[in-house]
Amino acid sequence: MTDKEKRGDAPVQINNEVFFEEVTCMLSDGFAVTLRVKGSSMFPFLRDGRDRVTLRKTDGVEVGDIVLARLDNGTHVLHRIYKKRGEDIALMGDGNLYATERCKKVQIAGKVMTIVRNGRAVSCRSLKERSLSGLWRGLLPVRRYLLYFLRRM
């Protein structure tokens with residue numbers, strides 16, 4: 001047993017499926033949930049290990065919103081709504097060039113309300129955030145080149 005384990009400081013590892021089912025339950029019960037961002041699919045808006053997001057359950061989602069959704073294969077993604085037609089939703093990570101996921105509106109567990117970047121809270125409803133995300137979606141045809149340069153900075 002390591003010293004960290006003896007003190008109770010060792011990180012606890014939880015299966016993703018179990019973790020996200022608990023997050024979904026908490027959101028359904030009306031709680032806000034804050035998660036640390038993992039992965040690079042939402043780069044440059046969300047960065048692995050640096051940013052945290054606060055989610056809430058909501059019935060109102062629209063194109064441009066970042067949502068936590070459970071896909072048909074059982075995995076969960078934190079991606080932006082790219083297209084919406086009735087109950088059918090297409091999701092795409094900001095760091096993706098082509099890949100999209102599909103889900104139904106009922107599969108959305110929560111919507112990101114706040115992003116914490118470098119210790120500063122940023123509302124996803126702010127004009128600046130909505131404008132930047134809209135511009136980024138519009139730049140999809142040249143996103144490959146922009147991502148290349150941004151990732152090397």
Side-chain angles (χ1 to χ4, degrees), residues 11 13-28 31-153:
Q13 292 191 2
I14 301 172
N15 173 291
N16 270 356
E17 186 177 329
V18 172
F19 175 77
F20 283 114
E21 287 305 319
E22 185 60 29
V23 167
T24 299
C25 287
M26 291 175 72
L27 290 167
S28 292
F31 292 98
V33 176
T34 301
L35 303 173
R36 183 169 303 281
V37 174
K38 296 277 291 170
S40 61
S41 68
M42 287 298 290
F43 178 85
F45 287 89
L46 300 177
R47 295 197 181 175
D48 180 48
R50 179 194 75 178
D51 299 330
R52 290 177 288 137
V53 295
T54 300
L55 299 111
R56 284 200 170 275
K57 179 73 176 167
T58 181
D59 291 329
V61 294
E62 54 193 66
V63 171
D65 288 340
I66 302 170
V67 297
L68 176 66
R70 185 176 192 276
L71 304 178
D72 288 338
N73 65 7
T75 61
H76 286 79
V77 294
L78 186 72
H79 281 172
R80 197 176 298 277
I81 296 178
Y82 182 67
K83 290 181 184 172
K84 180 181 167 196
R85 178 174 281 166
E87 296 297 308
D88 296 323
I89 309 274
L91 304 168
M92 179 184 238
D94 291 337
N96 294 345
L97 299 173
Y98 309 107
T100 59
E101 298 89 11
R102 305 250 181 244
C103 70
K104 300 287 185 191
K105 187 177 173 188
V106 297
Q107 292 172 273
I108 294 176
K111 176 169 113 174
V112 174
M113 307 304 272
T114 307
I115 300 168
V116 179
R117 290 187 186 122
N118 298 319
R120 204 180 101 227
V122 177
S123 171
C124 290
R125 297 181 198 172
S126 74
L127 179 59
K128 179 181 176 184
E129 231 13 71
R130 298 220 45 96
S131 298
L132 286 172
S133 70
L135 176 63
W136 187 251
R137 280 190 322 278
L139 291 172
L140 184 58
V142 295
R143 198 183 279 184
R144 161 184 297 165
Y145 308 107
L146 295 170
L147 285 169
Y148 175 82
F149 288 110
L150 287 170
R151 287 187 172 135
R152 274 143 188 72
M153 292 175 75

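Note that these values count all heavy atoms, side chains included, but never hydrogens, waters or copies made by symmetry.
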Where [X] and [Y] come nearest, the two heavy atoms and their spacing:
X	Y	value
C103	I108	SG-CG1, 4.3 Å
P44	L147	CD-CD2, 4.1 Å
L46	D51	CA-OD2, 3.3 Å
A109	L27	O-CD1, 3.5 Å
R56	F31	NH1-C, 4.1 Å

- Flag yes if more than 12 heavy atoms outside R52 fall under 6.0 Å of its CZ atom; otherwise flag no. no
- Heavy-atom neighbours of D59 CG exceed 12 at 6.0 Å: no
- Item | Under 3.5 Å: donor-acceptor pair, side chain of K105, backbone of V61 | no
- Task: List the steps and the verdict of side-chain contact (heavy atoms from CB on, under 4.5 Å) for L35 and F20.
- Result: CA-CA 11 Å; L35 303 173; F20 283 114; 4.3 Å; yes
- Query: Which pairs with one or both residues in residues 77-98 pass side-chain hydrogen bond (donor to acceptor under 3.5 Å, both in side chains), sequence neighbours excluded?
  - Reply: S41-H79, H79-E101, R80-D94, D88-K104, Y98-R144
- If you draw the axis of the six-membered ring of F43, does the NZ or CZ of R47 fall within 45° of it and under 6.0 Å from the ring centre? no
- Would M42 and I66 satisfy side-chain contact (heavy atoms from CB on, under 4.5 Å), going step by step from the backbone distance to the final call? CA-CA 9 Å; M42 287 298 290; I66 302 170; 3.9 Å; yes
Residues 112-127, side-chain donor-acceptor partners within the protein, below 3.5 Å, at least two apart:
unit_1: R117; atom_1: NE; unit_2: F45; atom_2: O; d: 3.4
unit_1: R117; atom_1: NH1; unit_2: E129; atom_2: OE1; d: 3.1
unit_1: R117; atom_1: NH2; unit_2: F45; atom_2: O; d: 3.3
unit_1: R117; atom_1: NH2; unit_2: E129; atom_2: OE2; d: 3.0
unit_1: S123; atom_1: OG; unit_2: R125; atom_2: N; d: 3.1
unit_1: S126; atom_1: OG; unit_2: S123; atom_2: O; d: 3.1
unit_1: S126; atom_1: OG; unit_2: E129; atom_2: N; d: 3.1

- side chain to side chain contact (heavy atoms under 4.5 Å, CB included) partners for N73, two or more places apart: L71, T75
Could you tell me which residues satisfy side chain to side chain donor-acceptor pair (under 3.5 Å) with [X], sequence neighbours excluded, listed by chain and number?
X	value
D72	Q107
S131	none
R137	none

- Query: Salt bridge or not for R130 and D65, using N-O below 4.0 Å?
  - Reply: yes
